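In what follows, a structure is listed as structure tokens, so that the remarks can point back to it.
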Amino acid sequence: MTKPFPAALAEGIDEPCRFDIEVADLELIEGEVPTDIDGLFVQAVPDPMYPPEVAPLWPMTVAAGGDGAVRAFRIKDGCVDFKTRHVRTQRYLLEQAARRSLFGNYRDPFSDDPSVAGQDRTTANTAVYMHAGRLLASKEDGLPYEIDPVTLETKGVWNPGGKITSKTFTAHPKWDPANGEMHGFGYAARGETTRDLAYYVFDADGEMVHEAWFEAPYAAMIHDCALTEHYMLFPLMPLTTDLERLKAGGQHWVYDPDLPTVIGVIPRKGRADQVRWFHAPPTFTGHTINAFEEDGRIVFDAYECDGNGFAAVMPDKHGRMGDPSKVTTRAMRWRIDYHAPSEELTEHQVLAVADGEGPHIDPRRLCQSYRHVFAPTLNRSRLITDRNGRVVPVFFNQLTHFDLTTGHREDWYAGEGATLQDPVYFPRSATADEDDGYLIVVLNRPLEKSNELVILETRRLAAGPVARLKLPVRLRLGIHSNWIDGSLIPAWR
Ligand SMILES: [Fe+2]
């Protein structure tokens, strides 16, 4: 028998689920599941198996410290089968054996039970993606774990040929659709709080074909990256970490609004001495939308916050928590000339006022010019309150299609009382237009503690779902979602 979860984790729709289950043939509430959809909608979910015993329990531990679970919806022939299963990380297995929490705060090994000193702390809870026929669950503080895409059983740590010597690997690698390469990196590559970056390239068969090590200007979170035809980009976030602070029991990240914008650029498969660190006045870069080259220059599109994008879970450098309701986001474009004499960035323009995050584009347009962005957004005029009159925390309550060429925007509002998790977008077929496809999303009904799976056609987004399906269990908030075409899964070919 385990202890109760602390209050921060024991309320609302987001209390831990802790189960591994499968449900065949989800029940339709409305519409029909299009029969041309054949693939797997996957999500990474932080879902703690045991109540944290660490004190103080930092907000980032509550939000992102849970054991990783992989949630998968298999969609084929108009039917949807659901599975969710925890990743059997080393951490998960150690805690299962002890029947209690042994690991302390988010990315703080000094807060762990001494019995697990030196063990792999990663939870594999941030993103699930496919490369070279392998499904990988990843959190940026460790190496990914390979998951069987059919059974969701854990196969073990993914380290092809044992060649990855970085202690970490990003949850957001990038792919080149032209050759199937995956470009990724680890930051804090020699251990937590270090400035080391390890840049890796893997070919379409999953073999490592390039490696370069270098140091970032400061020990920052580098959550995402970007890839163009000739360059790999590393945008630093103004979130810093410090070994002495961790040892003293402080939080891993603090927000420093005075730090300059820094974007590292290395030629594809380049050497450490080819890295250039471009800089600009302070900004807060979030997730990458896309990057490409135009007229010999790099175009880098990303979300950007006008304050601390992690205000709810990370303090500023003075120890003050922010107010997430006051932070808004925009889609922004940088232009970077790798060969310019100066490393000062000056070209920065607004693409769209987004008020959301987690952009998705047609995967065929990665590393190339593109036109359409799909993203969850927040309509602040339609927030909901619980029975005590408190505003229910909401990240998103709309899905939005941004047409970057015309500036047109189309929204689908999820409805009274509904909130949304991270969606996926994929084109209807291999030859479909860039904006002609499907959005699939897990919808939350926080006041009812229930969820639905919702499928929308992007060319009639505002008309609402073509299918809504009932989940017979409550689902915790996942982090990132991904779509894997059925043809990419070896067992389904
Ligand atoms: Fe992310």
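Quantities reported herein were computed from a predicted structural model and do not represent experimental measurements. For this chain, numbers begin at 1 and follow the sequence in order. Order of listing sets the numbers, starting from 1, for every ligand and every atom in it.
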Give me the protein N, O or S atoms that fall under 2.8 Å of the Fe ion (ligand 1), sorted by chain and residue number.
H172 NE2, H223 NE2, H287 NE2, H480 NE2
Test ring-ring contact (aromatic ring centres under 6.0 Å, His included) on H401 and F374; report intermediate values, then the result.
CA-CA 5 Å; H401 171 196; F374 301 93; 4.6 Å; yes
Do T122 and D141 get their side chains close enough for a donor-acceptor pair, meaning under 3.5 Å?
yes
Could you check W175, W158, Y145, F202 and say which one makes a ring pair (Phe, Tyr, Trp, His ring centres under 6.0 Å) with Y129?
W175
Check: N290 side chain, C367 main-chain N or O, donor-acceptor pair, under 3.5 Å
yes
Would W213 and E211 count as having a side-chain donor-acceptor pair, cut-off 3.5 Å?
yes
Could you please spell out the steps behind the side chain to side chain donor-acceptor pair (under 3.5 Å) verdict for D422 and Q43?
CA-CA 8 Å; D422 184 37; Q43 253 191 318; over 6 Å; no
